[in-house]
Amino acid sequence: MWAILLLASIAAVSAEPRSFYGEKVFRALPQNAEHVELLKSMAQIAGLDFWLPDTAELVEQGKRADFHADSQASYEVQALLQQSGMPYEIMIDDLQEALEKQRDSNIRAVHSYEKYNDLDTINAWSANIAAQNPGLVSRSQMGSSYEGRPIYLLKVGKSGVNKKAVFIDCGFHAREWITPAFCQWFVKEAVNSYGVEAEFTSLLDSLDFYILPVLNVDGYVYTWTTNRMWRKTRSPNANSSCVGTDPNRNFNAGWCTVGASSRACDETYCGAAPESEPETKALANFIRQNIGSIKGYLTIHSYSQMLLFPYSYTYSIAKDHNELNSVAQGAVNKLTSLYRTKYTYGAGGTTIYLAAGGSDDWAYDTGVKYSFTFELRDTGRYGFALPETQIKPTSEETLLAVKYIANHIKNNA
């Protein structure tokens with residue numbers, strides 16, 4: 001009897017969402033090779049959760065590194081940083097407090113475009129907006145996740161023959177909550193603007209937009225129920241107790257060569273094989289099946305305020321580099337015009353870091369010329385704990401950039 005009660009109490013404790021009280025987010029700027037090695041060794045010994053870059057292996061001299069340390073490790077990490085003479089600052093002094101403040105919207109309706117919505121709410125919303133706008137929006141199931149959840153896709157556009165299409169996905173990395181918020185915002189704006197605002201009406205007459213609000217549905221649910229900082233999918237790994245694959249290292253684009261890990265416990269684990277995850281396989285299959293019409297691929301991530309294009313798995317210049325760079329520059333100018341938010345743009349490998357197996361590089365190599373990755377707000381003040389009050393301005397400015405790219409595709413693809 002006591003054993004059963006003990007097991008029940010353990011289960012109850014483990015079912016509680018992970019707390020982040022006393023945990024800190026640091027920003028360090030390694031000045032030399034010794035600093036780089038110190039960060040890498042601390043990552044291993046203290047189990048640091050790297051926010052930017054995605055893993056300690058990608059830390060470079062002269063480039064900032066943002067990482068989250070648990071409460072026990074935080075003081076030791078801070079002492080080592082001070083002793084080393086490496087410039088650093090504490091971006092978030094208490095991560096739990098920051099996460100609680102993240103939900104700062106006063107709106108607590110079941111669904112709102114200005115708050116973070118859980119997966120059930122997003123799925124109900126997508127069914128509803130398709131039902132209410134049958135001439136403009138339709139919903140289909142693109143696939144299923146490892147845990148059996150449906151992955152819903154919205155098609156937005158006026159029906160027509162031989163239309164070109166743009167594919168936009170959000171929710172690749174589970175903890176990047178601002179990204180599903182943007183995908184919902186985009187659909188709202190499309191529906192509200194059609195027949196009212198000339199530019200969006202023209203885009204919807206000429207193009208179809210495939211909108212995937214959440215790709216990594218299992219991971220996203222897990223961030224709501226269990227661990228807000230979860231990044232990967234939730235599939236088990238052979239011969240390992242560690243769960244999940246990084247979906248944005250799981251595509252056949254220089255798969256598992258640079259900026260990705262073959263170790264299942266790492267945040268950038270590339271998976272057992274390209275498209276090993278049902279979620280990435282479903283996405284790749286859909287694009288392959290519609291490759292004749294899909295001319296643009298936009299994948300929405302956070303954070304760091306960047307607009308990137310191929311390549312990320314190599315320093316080699318893409319054959320369309322000049323045009324993609326020009327489009328990115330124009331899109332960033334549009335974005336910045338609204339709230340003066342500063343964005344960096346360029347090829348992924350040279351602008352941020354080398355990372356193999358990304359969906360943008362894969363889409364480009366598959367034949368989707370206009371392939372871009374957005375890294376939304378912010379630059380680290382809040383990081384993955386971006387407050388709900390920033391959903392509206394973030395989405396408004398990002399929409400301007402997306403419409404710029406879509407107009408270029410409409411006129412040039």
Side-chain angles (χ1 to χ4, degrees), residues 117-131 133-134 136-157 159 163-174 176 179-188 190-191 207-222 232-235 244-253 271 273-301 357-360 362-364 366-368 371-374 402:
N117 300 299
D118 64 22
L119 186 69
D120 286 343
T121 304
I122 293 172
N123 286 346
W125 161 82
S126 66
N128 187 52
I129 202 161
N133 301 276
L136 200 61
V137 183
S138 61
R139 188 178 83 157
S140 61
Q141 184 174 336
M142 192 182 77
S144 297
S145 69
Y146 171 77
E147 293 179 346
R149 293 184 176 87
I151 301 170
Y152 289 121
L153 181 70
L154 292 172
K155 182 180 181 181
V156 184
S159 60
K163 289 181 74 181
K164 293 176 282 193
V166 176
F167 192 105
I168 305 174
D169 62 46
C170 297
F172 246 76
H173 292 134
E176 298 169 8
T179 73
F182 171 72
C183 269
Q184 294 165 74
W185 186 276
F186 179 91
V187 177
K188 167 188 76 87
V191 166
L207 301 171
D208 286 326
F209 292 88
Y210 292 110
I211 309 297
L212 178 56
V214 186
L215 172 78
N216 182 9
V217 288
D218 294 346
Y220 188 66
V221 168
Y222 197 73
K232 300 191 284 184
T233 63
R234 291 294 303 160
S235 55
T245 288
D246 183 340
N248 208 36
R249 300 295 190 279
N250 194 230
F251 288 82
N252 196 13
E275 300 174 27
S276 61
E277 305 307 285
E279 299 87 355
T280 57
K281 173 70 80 177
L283 173 57
N285 280 343
F286 185 87
I287 290 177
R288 278 190 288 261
Q289 289 159 10
N290 295 277
I291 196 65
S293 62
I294 295 175
K295 305 300 180 184
Y297 173 73
L298 311 181
T299 183
I300 315 297
H301 291 255
S359 62
D360 54 351
W362 173 83
Y364 181 78
T366 302
V368 184
S371 183
F372 294 92
T373 294
F374 279 83
V402 169

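Each residue takes its place number in the sequence, starting with 1.
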Discussion item. I'd like to know whether Y364 forms a side chain to side chain contact (heavy atoms under 4.5 Å, CB included) with D360, so could you lay out the CA-CA distance, the side-chain angles of the two residues, the decisive distance to 0.1 Å, and finally the verdict.
Written reply: CA-CA 6 Å; Y364 181 78; D360 54 351; over 6 Å; no
Discussion item. Nearest 0.5 Å, please: how far is OG in S359 from CG in L215?
Written reply: 8.5 Å
Worksheet, complete the sentence: Interatomic distance, CD@Q184 vs OG1@T121, rounded to 0.5 Å, equals 9.0 Å
Worksheet entry | Taking every non-hydrogen atom, the tightest pair across T373 and T299 | OG1-CG2, 3.2 Å
Worksheet item: Mind checking whether Y222 and D218 have side chains closer than 4.5 Å, heavy atoms only?
Response: no
Discussion item. In the structure I gave you, are the side-chain heavy atoms of V368 and I287 within less than 4.5 Å of one another anywhere?
Written reply: yes
Worksheet item: What are the two closest non-hydrogen atoms of Y152 and P213, and how far apart are they?
Response: O-CD, 3.5 Å
Worksheet item: Ion pair present between R288 and E275, side-chain N to carboxylate O less than 4.0 angstrom?
Response: yes
Worksheet item: Given side chains that start at C-beta, do those of V221 and R149 come closer than 4.5 Å, heavy atoms only?
Response: yes
Worksheet item: From L119 CG over to S126 OG, what is the distance, rounded to the nearest 0.5 angstrom?
Response: 9.0 Å
Practice prompt. Step by step, work out the side chain to side chain contact (heavy atoms under 4.5 Å, CB included) result for Y146 and E277.
Written response: CA-CA 7 Å; Y146 171 77; E277 305 307 285; 5.8 Å; no
Practice prompt. Indicate the ring-plane relationship of Y210 and F286, choosing parallel, tilted or perpendicular according to the 30° and 60° boundaries.
Written response: perpendicular
Fill in: Check: I168 and V166 side chains under 4.5 Å, non-hydrogen atoms
yes
Item to complete: Search all heavy atoms of M142 against all heavy atoms of F167 and return the closest pair with its distance.
Response: SD-CZ, 4.2 Å
Practice prompt. Starting from the C-alpha separation in whole Å, work towards a yes-or-no answer on side chain to side chain contact (heavy atoms under 4.5 Å, CB included) for I151 and S144.
Written response: CA-CA 5 Å; I151 301 170; S144 297; 5.8 Å; no
Response to the item:
Separation between CD (Q289) and CD1 (I291), nearest 0.5 Å, reads 11.0 Å
Worksheet entry | Minimum heavy-atom distance between S145 and P278, given as atom pair plus value | C-CG, 3.9 Å
Worksheet entry | K163 NZ to S293 OG distance, which is reported to the nearest 0.5 Å | 10.5 Å
Discussion item. I need the N117 CG to I122 CD1 distance, nearest 0.5 Å.
Written reply: 5.5 Å
Discussion item. Just so I know, are the side chains of V137 and K155 near enough to count as touching, which here means a heavy-atom distance under 4.5 Å?
Written reply: no
Worksheet item: So among T179, N250, N216, L283, which one has a side chain to side chain contact (heavy atoms under 4.5 Å, CB included) with F172?
Response: L283
Discussion item. Centroid separation under 6.0 Å, is that true for the rings of F209 and F186?
Written reply: yes
Practice prompt. Over all heavy atoms of both residues, which pair between N123 and R139 is shortest? Give the atoms and the distance, please.
Written response: O-NH1, 2.9 Å
Fill in: Basic-acidic side-chain contact under 4.0 Å: D246, K232
no
Worksheet item: Backbone N or O of I129 within a donor-acceptor pair of the N133 side chain at under 3.5 Å?
Response: yes
Discussion item. Within the structure provided, determine whether K281 and N285 are in side-chain contact (heavy-atom separation under 4.5 Å).
Written reply: yes
Item to complete: Could you walk me through whether F374 and H301 pass the side chain to side chain contact (heavy atoms under 4.5 Å, CB included) test, one step at a time?
Response: CA-CA 6 Å; F374 279 83; H301 291 255; over 6 Å; no
Worksheet item: For N252 and P274, which heavy atoms make the closest approach, and how far apart are they?
Response: CB-CB, 3.8 Å
Worksheet item: Is the shortest heavy-atom distance from the side chain of L154 to the side chain of V187 under 4.5 Å?
Response: yes
Worksheet entry | Donor on one side chain, acceptor on other, D118 and Y220, under 3.5 Å | no
